[in-house]
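Values in this document were obtained by computation on a predicted structure and should not be read as measured data.
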Amino acid sequence: MLAKITLSADSELIQKAREKAASEKMSLNDSFRKWLQQYVQSEQLADEYELIMNSLEYVRAGNTFTREEMNER
């Protein structure tokens with residue numbers, strides 16, 4: 001179910017946003033929904049990254065490497 005919200009912004013900014021959305025063959029509403037999803041997802045991805053990094057804390061290289069050693073192929 002979609003919920004309605006009210007936002008305030010400069011009218012010139014809104015017009016430019018509408019034009020950009022139209023150039024992408026989207027409505028401003030659709031564009032905002034897409035942005036909102038990405039906004040929420042970016043936080044989730046950051047949380048997932050933290051979990052992965054924490055789960056790998058036990059991994060140790062066991063040595064410090066020179067620049068040449070790190071770039072060996």
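Side chain to side chain, Glu19 and Gln15 meet the donor-acceptor criterion of an N or O pair below 3.5 Å.
One hydrophobic cluster, built from ILVMFWY side chains closer than 4.5 Å, cannot hold both Leu13 and Leu7; they sit in different ones. Note on Trp35: it clusters hydrophobically with Ile5, by side-chain heavy-atom contacts below 4.5 Å among ILVMFWY residues. Under the 4.5 Å side-chain heavy-atom criterion for Ile, Leu, Val, Met, Phe, Trp and Tyr, Phe32 and Tyr39 are members of the same hydrophobic cluster.
A heavy-atom distance below 4.5 Å is found between the side chains of Arg33 and Asp30. Residues Leu51 and Asp47 have side chains not in contact (no heavy-atom distance under 4.5 Å, counting atoms from C-beta outward).
A distance of 11.0 Å separates OG in Ser55 from CD in Glu50, rounded to the nearest 0.5 Å. Expressed to the nearest 0.5 Å, how far OG of Ser23 lies from CZ of Arg18 amounts to 14.5 Å. Rounded to the nearest 0.5 Å, atoms OG1 (Thr64) and CE (Met70) are 9.0 Å apart.
Listed by chain and residue number, Asp10, Lys16 satisfy the side chain to side chain contact (heavy atoms under 4.5 Å, CB included) test with Glu12 (two or more places apart in sequence, or in another chain).
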Does the pair Lys34 and Met26 meet the rule for a side-chain contact (heavy atoms from CB on, under 4.5 Å), with working shown?
CA-CA 10 Å; Lys34 181 180 174 182; Met26 299 175 75; 4.1 Å; yes
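At least one donor-acceptor pair closer than 3.5 Å links the side chain of Asn71 to the backbone N or O of Arg67.
Pairing each heavy atom of Leu28 with each of Ala17, the nearest pair is CD1-CB, 3.7 Å.
Residue Tyr49 qualifies as open at atom OH: its count of foreign heavy atoms under 6.0 Å is 12 or below.
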